[in-house]
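Any value given below was found using the heavy atoms of this structure, including those in side chains, with hydrogens, waters and symmetry copies removed. Along the sequence shown, the residues carry numbers beginning at 1.
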Amino acid sequence: MTDADAFLEMLAETDLPPLIGHRHPAGDFRGGVVTRDLGPLRLAELVSPEGECFRDARSARDPDSELWQIELVTRGRVRAEQGGNTAVLEPGDLVLIDPVRPVRFATTATTSVTMLVPRRLLRLAPDAAVRLAGVRIRGDRGPGALVSSLARSMARSLAGFRADEADRSAAAVIELISVALSAQLDDARPTPDEALRSRIVGFIEARLSDRDLSPAKVAAAHHMSVRRLHKLFEDQPLTVAALIRRRRLERCRAELAGTDRTVASVAARWGFADPAHFSRLFKATYGYNPAALTSSNRARMIKALPARPGEDGG
């Protein structure tokens with residue numbers, strides 16, 4: 001194909017996490033995508049030209065919060081940035097991406113494989129995910145090399161599997177991915193500040209529903225001054241207050257999409273005392289009102305309800 005926008009539309013049609021084109025050189029645009037499924041594991045082989053693309057908070061979709069994204073480069077070079085980490089990937093290298101958080105890619109003419117893994121099957125603690133997202137995993141040694149080789153083969157052919165064989169094979173692949181991620185954590189031993197920052201992120205995640213959660217409370221719980229806490233996060237994408245706010249919004253967004261509870265009750269559950277303030281903040285972050293999620297959810301529920309006697313013409 002010869003059009004960058006059409007290529008991105010084609011990506012959207014595959015149900016891959018969306019991307020927004022930012023820069024592509026003039027001239028012929030050649031790209032393509034082929035997707036295959038192995039049980040709960042989805043793979044997509046992408047051919048893309050030199051350029052840049054990104055995903056921001058507004059373009060993230062609710063279903064993507066249930067997935068982890070692993071990118072494998074098979075040709076060309078990719079620079080991936082997420083969560084303050086930057087991975088420069090050579091052929092064979094991999095990187096973990098959180099599909100609901102902002103990310104930016106800059107690539108040469110590239111062939112890559114995207115693997116989408118259900119989060120419920122690839123369990124990552126919040127602090128581990130923060131440390132791993134956007135970090136290069138070498139594909140020329142150890143467990144990373146096995147994942148790299150296997151993903152290349154799977155992207156080319158996944159024919160002939162019965163349903164039970166596909167599920168068992170996917171479980172084996174996901175376990176191997178888990179081993180590679182664990183090895184990366186062991187290789188990248190955190191500095192004292194990184195370890196402390198990870199503990200603080202875990203503390204915040206566990207207390208998002210606490211309406212009084214604030215930088216001062218976080219600092220006191222870790223026996224440090226607020227100034228020291230702010231310095232610990234000064235080179236991170238979000239301040240402590242912004243991190244608390246963003247994580248709460250993410251929890252609200254996910255819950256509103258999957259429940260018929262009111263906006264006010266969901267906001268209160270995750271620490272927002274003022275529904276009007278929450279709605280303004282939500283719209284500024286995601287580009288639409290939170291009520292739109294509850295309305296669409298109710299519409300889906302009503303559509304799915306079985307007809308009562310006399311309501312279907314019988």
For Leu67, which residues count as a side chain to side chain contact (heavy atoms under 4.5 Å, CB included) partner, sequence neighbours excluded?
Asp64, Pro99, Leu116
Can you get from Leu181 to Val173 by hopping between Ile, Leu, Val, Met, Phe, Trp and Tyr side chains that sit under 4.5 Å apart?
yes
For Lys231, is there an ion pair with Glu234 - N to carboxylate O distance below 4.0 angstrom?
yes
Report yes if the side chains of Ser178 and Leu122 come closer than 4.5 Å at any heavy-atom pair, otherwise no.
yes
Over 12 non-hydrogen atoms of neighbours within 6.0 angstrom of CZ in Arg168
no
I'd like to check the side chain to side chain donor-acceptor pair (under 3.5 Å) partners of Gln236; sequence neighbours left out, ordered by chain and number.
none
Should we say atom CZ of Arg119 is surrounded by more than 12 heavy atoms from elsewhere, each under 6.0 Å from it?
yes
Before you tell me yes or no, could you show the steps for Asp62 and Arg253 under salt bridge (charged side-chain N to carboxylate O under 4.0 Å, His left out), namely the whole-Å CA-CA distance, both residues' side-chain angles and the distance that decides it to 0.1 Å?
CA-CA 7 Å; Asp62 296 317; Arg253 187 169 180 245; 3.6 Å; yes
The criterion is side chain to side chain contact (heavy atoms under 4.5 Å, CB included); which residues satisfy it with Thr108, sequence neighbours excluded?
Arg77, Thr110
Arg251 with Glu205: basic N within carboxylate O range, under 4.0 Å:
yes
Answer yes when Arg228 and Asp193 have at least one side-chain N-carboxylate O distance shorter than 4.0 Å, and no when they do not.
yes
With hydrophobic residues grouped by side-chain heavy-atom distances under 4.5 Å, do Val100 and Val103 end up in a single group?
no
Any chance you could lay out the ring pair (Phe, Tyr, Trp, His ring centres under 6.0 Å) test for Phe272 and Phe282, step after step, and finish with the verdict?
CA-CA 11 Å; Phe272 292 102; Phe282 189 99; 9.3 Å; no
